[in-house]
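First comes the structure, then the notes that go with it.
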Number of protein chains: 2
Amino acid sequence: MVNSEAKTPRERYRAQVRTEIKERAWEQIATAGASALSLNAIAKQMGMSGPALYRYFGGRDELITELVRDAYRSLADTFHAAAQAGSGVTGLAQALRGWALQDPHRYFLIYGTPVPGYQAPDDTTAISSEIMATLLDACAALPSDGPSTPFDAHLEGHRDWAGGHPAPPAVLHRALTFWTRLHGVLSLELAGHFTGMGIDPAQLFAAELDDLAGPPRG
Amino acid sequence: MVNSEAKTPRERYRAQVRTEIKERAWEQIATAGASALSLNAIAKQMGMSGPALYRYFGGRDELITELVRDAYRSLADTFHAAAQAGSGVTGLAQALRGWALQDPHRYFLIYGTPVPGYQAPDDTTAISSEIMATLLDACAALPSDGPSTPFDAHLEGHRDWAGGHPAPPAVLHRALTFWTRLHGVLSLELAGHFTGMGIDPAQLFAAELDDLAGPPRG
DNA sequence: CACCATAGTTAGAGGTTATCACTGAAGTTA
DNA sequence: TAACTTCAGTGATAACCTCTAACTATGGTG
């Protein structure tokens, strides 16, 4: 018998209830944000009473941690798929934006305001570097490169985060700015800071992407 | 008698208590984040009992709104001071970073994950455009300019947010990217996404700033 | 001094997370 | 089949939270 999946019926049931709880949690997060996530409400919605959920999750924080993990996993999968589609960094960027717009609260759960005491568990940083790896691959495939900047020199000495990826500093730099710039536009868009301004976030995003994927800056 | 300030002793007292409440609220936000702000705790800390605070603020939301307003005001003042110091966009950028690092939660209160039901009152958007105006002034003083991009054309038709500032689209574009790019680096830094990576956020920020203030991109 | 607007109080409704002791049912073993 | 063990779900309870309502007491003002 295979150890990994579907062992005892009890475990099957347990896993099913766990995923249903998470589904309800996602619904709740999608409508009201992570701060409004209520174990009580989820329990009531599932027809059972409050403390029952503590059989499945140690508490609110543990549930949120699990959701963060799932969100990271989802983004990593999206990135992998986009990378395999082979449309380079622009494909990755569009995949990122699509993923973010599909559920803004999920994006904020990862990249938004950090919750007070919470800190990401180790495996999320593993998934995070997985994401970074596919981004680095895409950036390495771009035509390189402009003059070396002082920051490139700094990166030469601090490339641990790249997980041993054999890319020149300029590529690391590009991946980093890809991340920060697109996050800059995206997070402001999702937070609604452009709504009152009348400008089109998609075009601003595209402009940043053009500047990123196009010219090796000089 | 002057209408504007220090009228009756009661109003003086009232204003004093209001500011003390806000001070405590800021302390609380600085340590535990905005989501953990508790009127009850503030009241207890001030030696009075819960509901007393409702004489001074309509509720939690109204207090937070006030804090958001103050945060905007503080940032606008910081920007004005930096602009008057006359060190251009780099001065503005450094002022922004210093202001953000001085109290990260205050930054997130403005530019972080939007709180569920809350939406900014009108006057905060007024302050926001005040900030944008000084940024536009600084950007207009930069040497211009590269080739016109498609997004510049879009901005030509959507420049309402600039509040009638007489700047060419390229300058509007630059101000916008100044905002989004620096916010990208800054928000990720404040959220701690660089801590495990070993890179220096200050240098990444500086690199983005160089790219922004230096070459009219091509 | 008398009056009254208002600051602050307690009580309470309704919400939350979380722990505890208990019940009852399901699965396991003799 | 009968006995036993494990565990899901329960209600009660504690300790918080926001916010409303009614009441008291005090300070400023006619």
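Just so it is clear: chains get the letters A, B, ... in the order the sequence lines come, proteins before strands, and each one is counted from 1.
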Looking only at side-chain atoms of A:Met48, point me to the closest of C:dG8, D:dT10, D:dA8.
->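 Selected nucleotide: D:dT10.
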
Expected output: side-chain [X] to main-chain [Y] donor-acceptor under 3.5 Å:
X: B:Thr78; Y: B:Ser74; answer: yes
X: A:Thr113; Y: B:Thr113; answer: yes
X: B:Arg106; Y: B:Leu75; answer: no

Most 5' of A:Lys44 and B:Pro51 on DNA chain C, judged by nearest nucleotide =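 Result: B:Pro51.
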
Value in whole Å for how far the [atom2] atom of [N] lies from [atom1] of [X]:
X: A:Glu20; N: D:dA8; atom1: CD; atom2: P; value: 15 Å
X: A:Gln16; N: C:dA26; atom1: CD; atom2: C1'; value: 16 Å
X: B:Gln28; N: D:dC17; atom1: CD; atom2: C1'; value: 12 Å
X: A:Asn40; N: D:dA12; atom1: CG; atom2: C1'; value: 14 Å
X: B:Gln45; N: D:dC17; atom1: CD; atom2: P; value: 12 Å
X: B:Leu53; N: C:dT6; atom1: CG; atom2: C1'; value: 16 Å
X: B:Arg55; N: D:dC23; atom1: CZ; atom2: P; value: 14 Å
X: A:Phe57; N: D:dG9; atom1: CZ; atom2: P; value: 13 Å

Distance check: side-chain N/O of [X] vs OP1/OP2 of [N], anything under 4.0 Å?
X: B:Tyr54; N: C:dT6; result: no
X: B:Ser38; N: D:dT18; result: yes
X: A:Arg60; N: C:dA18; result: no
X: A:Ser49; N: D:dG11; result: yes

Of A:Tyr56 and B:Gly59, whose closest DNA chain D nucleotide lies nearer the 5' terminus?
->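 That would be A:Tyr56.
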
Can you say whether the rings of B:Tyr72 and B:Tyr111 are parallel (under 30°), tilted (30 to 60°) or perpendicular (over 60°)?
->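 The rings of B:Tyr72 and B:Tyr111 stand perpendicular, inter-plane angle above 60°.
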
Any idea how A:His173 and A:Phe151 line up, ring-wise: parallel (<30°), tilted (30 to 60°), or perpendicular (>60°)?
->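 Because their plane-to-plane angle is over 60°, the rings of A:His173 and A:Phe151 count as perpendicular.
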
Measure distances between side-chain N and O atoms of A:Arg10 and base N and O atoms of C:dG27, and say whether any donor-acceptor pair falls under 3.5 Å.
->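 By the distance-only test, no, there is no pair.
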
